[in-house]
Trainee: 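Can you read through this structure? Questions will come right after.
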Amino acid sequence: MAATTHAASLSFLLSHPHPTSPNPNPNPNLPLRRAPHRVRCATDAAATRHRRAADENIREEAARHRAPNHNFSAWYAPFPPAPNGDPDERYSLDEIVYRSSSGGLLDVRHDMDALARFPGSYWRDLFDSRVGRTTWPFGSGVWSKKEFVLPEIDPDHIVSLFEGNSNLFWAERLGRDHLAGMNDLWVKHCGISHTGSFKDLGMTVLVSQVNRLRRAPLSRPIAGVGCASTGDTSAALSAYCAAAGIPAIVFLPANRISLEQLIQPIANGATVLSLDTDFDGCMRLIREVTAELPIYLANSLNSLRLEGQKTAAIEILQQFDWEVPDWVIVPGGNLGNIYAFYKGFEMCRVLGLVDRVPRLVCAQAANANPLYRYYKSGWTEFTPQVAEPTFASAIQIGDPVSVDRAVVALKATDGIVEEATEEELMNAMSLADRTGMFACPHTGVALAALFKLRDQRIIGPNDRTVVVSTAHGLKFSQSKIDYHDSKIEDMACKYANPPVSVKADFGAVMDVLKKRLKEEILSINI
Ligand SMILES: Cc1ncc(COP(=O)(O)O)c(C=O)c1O
Ligand SMILES: N[C@@H](CCOP(=O)(O)O)C(=O)O
């Protein structure tokens with residue numbers, strides 16, 4: 001352990017150090033300047049003022065435009081700080097460590113004093129100036145917030161697939177017609193992403209740090225990166241490792257993930273172990289294996305992942321022009337993401353980008369609801385469970401590693417935990433699809449929680465509410481096929497919309513359409 005003499009000062013959990021001197025140094029990243037040594041003709045110069053030379057790639061260009069070092073830094077510290085523990089316990093991010101000396105979780109802490117030397121308006125403007133560009137690495141929604149994520153990493157070590165910057169969808173019809181006139185309902189589509197889930201946000205950070213560790217001068221002996229997965233972490237890990245040329249090893253519970261998820265690591269060249277156990281069993285095994293072999297652990301037990309995932313929260317604020325929504329609803333499984341959202345919102349509050357944080361709701365499948373039960377016990381008793389199968393298969397987790405992180409997030413935001421039965425989550429997903437989405441069952445869990453909280457009038461009609469969609473619906477097409485085939489035992493499948501088989505004959509087709517469109521046709525008097 002690299003204990004230092006510094007107090008583990010200003011964590012973001014402490015109260016807000018007021019932003020002091022504006023000191024907004026000119027943004028080092030924009031506009032891009034041409035290399036002085038490259039000569040272009042005068043007519044070309046105006047048109048291509050912002051373009052790099054043809055023989056230079058965007059990494060090389062970024063290397064020429066190195067941002068000044070403001071001494072921003074980050075390190076690992078125990079989570080939560082142990083009351084009787086060593087207040088100076090901290091570890092460099094270049095160490096390979098997943099647990100504190102007492103065996104607890106770790107958290108990435110930032111030097112908030114250094115960041116707070118710039119006012120909130122500086123950070124808002126800087127982040128806004130980077131959106132939607134191709135500048136390395138800031139074109140990524142994660143790395144556009146690099147100073148809040150991994151401030152010290154060299155851009156040349158970053159492994160990015162330009163993740164983030166995901167769509168924030170105004171769910172106009174779902175809110176108005178199906179949620180008693182909600183007019184400010186939004187869905188943050190984190191699943192419209194490179195590998196089809198929000199895991200890309202964390203994986204770019206983790207794999208970038210591994211890339212840094214493996215390369216000179218650190219040259220750490222890391223043979224590969226491994227994870228246990230319900231299908232999305234494995235897809236993201238495999239893609240980022242393949243992009244960086246690093247071996248990936250994934251442990252999957254046999255027959256419990258979708259075909260679309262399974263094919264992703266196979267296609268990306270990962271070593272795929274299909275194990276005859278559930279996710280919690282895979283998690284136990286990967287922890288044992290990474291303790292024995294030089295394989296770096298990529299699950300969210302590793303707090304680096306959450307640094308990337310928290311940028312989705314910052315992005316939501318940015319998309320609302322730095323206005324804070326009232327509610328954010330997140331489906332929860334291993335429970336890293338709910339904490340990541342809290343961390344992103346809280347960091348923006350502490351640094352003065354916004355003045356409050358939203359209330360968080362964690363939504364669980366009733367078949368895999370250890371957090372919900374804990375919440376209902378008044379946070380008195382946490383009991384891990386053997387999670388039952390659920391259509392929201394990526395959250396079939398009974399012993400979540402980040403349960404303590406989730407509790408901190410929920411307590412600090414006056415949060416709520418809700419659950420959804422299989423029928424509730426499939427109906428919520430299918431109803432959302434009928435209003436133009438193509439949601440995954442996990443998003444269905446979050447939507448079902450919204451329906452309940454709206455019914456109970458806990459969420460009001462004008463509350464600005466964001467539902468976090470965590471994966472792309474196309475990854476879970478079999479569940480939709482079963483639903484629309486009404487093939488699910490004990491489920492009415494009330495929004496099923498099976499295709500109609502019709503003879504290829506004009507009269508037969510007309511009969512079907514007249515029957516189907518009867519009311520619409522009558523209303524326009526054809
Ligand atoms: C699609 C999807 N949604 C939600 C979750 C829950 O995220 P977390 O495990 O961070 O709670 C996961 C993974 O667990 C997931 O893959
Ligand atoms: N849904 C996850 C489960 C593992 O979660 P992690 O965030 O701890 O990696 C998956 O897709 O594997």
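These figures come from a predicted structure and were not determined experimentally. Note that ligands are numbered from 1 as they come in the structure, with each ligand's atoms numbered from 1 the same way.
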Trainee: Give a yes or no on whether the ring-centroid distance for Tyr374 and Trp379 is below 6.0 angstrom.
Mentor: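 Yes, they do, as the ring centres are separated by less than 6.0 Å.
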
Trainee: What pair of heavy atoms forms the shortest contact from Lys452 to Glu424, and how long is it?
Mentor: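 Between these two residues, the closest heavy atoms are NZ-OE1, 2.9 Å.
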
Trainee: Against Phe279, only a single residue in Ile257, Thr230, Asp399, Ile395 fulfils side chain to side chain contact (heavy atoms under 4.5 Å, CB included); can you say which?
Mentor: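 Answer to the side chain to side chain contact (heavy atoms under 4.5 Å, CB included) test with Phe279 among Ile257, Thr230, Asp399, Ile395: Thr230.
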
Trainee: Testing Phe138, Phe148, Trp143 one by one against Phe127 for a ring pair (Phe, Tyr, Trp, His ring centres under 6.0 Å), which residue passes?
Mentor: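 In the set Phe138, Phe148, Trp143, the residue that makes a ring pair (Phe, Tyr, Trp, His ring centres under 6.0 Å) with Phe127 is Phe148.
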
Trainee: Does ligand 2 have any atom that is closer than 4.0 Å to a heavy atom of Gly333?
Mentor: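 Flag not set, Gly333 not near ligand 2.
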
Trainee: Identify whether the distance between the nearest side-chain nitrogen and carboxylate oxygen of Arg90 and Asp107 falls below 4.0 Å.
Mentor: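 No salt bridge links Arg90 with Asp107.
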
Trainee: Examine the proximity of ligand 2 to Asn334 and report which part, side chain or backbone, both or neither, has a heavy atom under 4.0 Å away.
Mentor: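 Side chain only.
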
Trainee: Taking side chain to side chain donor-acceptor pair (under 3.5 Å) as the criterion, tell me which of Gln209, Lys145, His110 meets it with Glu307.
Mentor: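 Testing Glu307 for a side chain to side chain donor-acceptor pair (under 3.5 Å) against Gln209, Lys145, His110 leaves exactly one candidate, His110.
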
Trainee: Check whether NZ of the Lys or CZ of the Arg Arg434 lies under 6.0 Å from the centre of the six-membered ring of Tyr495 and within 45 degrees of that ring's axis.
Mentor: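 Not satisfied by the 6.0 Å and 45° rule.
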
Trainee: Answer yes if the ring centres of His194 and Phe162 are under 6.0 angstrom apart, and no otherwise.
Mentor: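 When the ring centroids of His194 and Phe162 are compared, they turn out to be at least 6.0 Å apart.
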
Trainee: Checking contacts here: is it the side chain or the backbone of Ile397 that comes within 4.0 Å of ligand 2, counting heavy atoms only? Could be both or neither.
Mentor: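 Ile397 to ligand 2: side-chain contact only, backbone stays beyond 4.0 Å.
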
Trainee: Could you check whether any side-chain heavy atom of Ser160 comes within less than 4.5 Å of a side-chain heavy atom of Val142, counting everything from C-beta outward?
Mentor: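 No; the side chains remain at least 4.5 Å from each other.
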
Trainee: May I ask you to decide whether Glu172 forms a salt bridge with Arg176, counting only side-chain N to carboxylate O separations under 4.0 Å?
Mentor: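 Looking at Arg176 together with Glu172, the answer is yes, because their closest N to O distance falls below 4.0 Å.
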
Trainee: Would you call Cys227 a ligand 2 contact, heavy-atom distance under 4.0 Å?
Mentor: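 Per 4.0 Å heavy-atom rule, Cys227 does not contact ligand 2.
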
Trainee: Among all protein heavy atoms, pick out the one at the shortest distance from atom 6 (P) of ligand 2; state its residue, atom name and that distance to 0.1 Å.
Mentor: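 Checked against all protein heavy atoms, atom 6 (P) of ligand 2 sits closest to Ser300 OG, 3.4 Å.
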
Trainee: Give yes or no for whether the N/O distance cutoff of 3.5 Å, strictly under, is met between Ala394 and ligand 2.
Mentor: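 Yes, Ala394 has an N/O under 3.5 Å of an N/O on ligand 2.
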
Trainee: Among all protein non-hydrogen atoms, which one is nearest to atom 5 (O) of ligand 2, and what is the separation to 0.1 Å?
Mentor: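 It is Lys199 NZ, 3.4 Å.
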
Trainee: Under 6.0 Å from the ring centre and within 45 degrees of the ring axis: does the NZ or CZ of Lys310 meet both conditions for the six-membered ring of Tyr339?
Mentor: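 No, a cation-pi geometry is absent between Lys310 and Tyr339.
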
Trainee: Check whether any N or O atom of Gln309, backbone or side chain, sits under 3.5 Å from an N or O atom of ligand 2, and answer yes or no.
Mentor: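 No: no nitrogen or oxygen of Gln309 is under 3.5 Å from one in ligand 2.
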
Trainee: Can you tell me which residues line ligand 1 if we count any heavy atom under 4.0 angstrom from one of its atoms, in chain and number order?
Mentor: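 Heavy-atom contacts below 4.0 Å: Phe198, Lys199, Asp232, Pro331, Gly332, Gly333, Asn334, Leu335, Gly336, Asn337, Ala394, Ile395, His442, Thr470, Ala471.
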
Trainee: First locate atom CZ of Arg99, then atom CG of Asn302, and finally report the distance between them rounded to the nearest 0.5 Å.
Mentor: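 The CZ atom of Arg99 sits 11.0 Å away from the CG atom of Asn302.
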
Trainee: Considering only non-hydrogen protein atoms, determine which one is nearest to atom 12 (O) of ligand 2 and report residue, atom name and distance to 0.1 Å.
Mentor: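 It is Ser229 OG, 2.5 Å.
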
Trainee: Identify the protein heavy atom lying closest to atom 7 (O) of ligand 2, giving its residue, its atom name and the separation to 0.1 Å.
Mentor: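 The protein heavy atom lying closest is Arg305 NH2, 2.7 Å.
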
Trainee: Measure from atom 1 (N) of ligand 2 to every heavy atom in Asp232, Thr230, Leu206 and give the option owning the shortest one.
Mentor: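 It is Thr230 whose heavy atom sits nearest to atom 1 (N) of ligand 2.
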
Trainee: To the nearest 0.1 Å, how far is atom 9 (O) of ligand 2 from its closest protein heavy atom, and which atom is that?
Mentor: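 Protein heavy atom at minimum distance: Thr233 OG1, 2.8 Å.
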
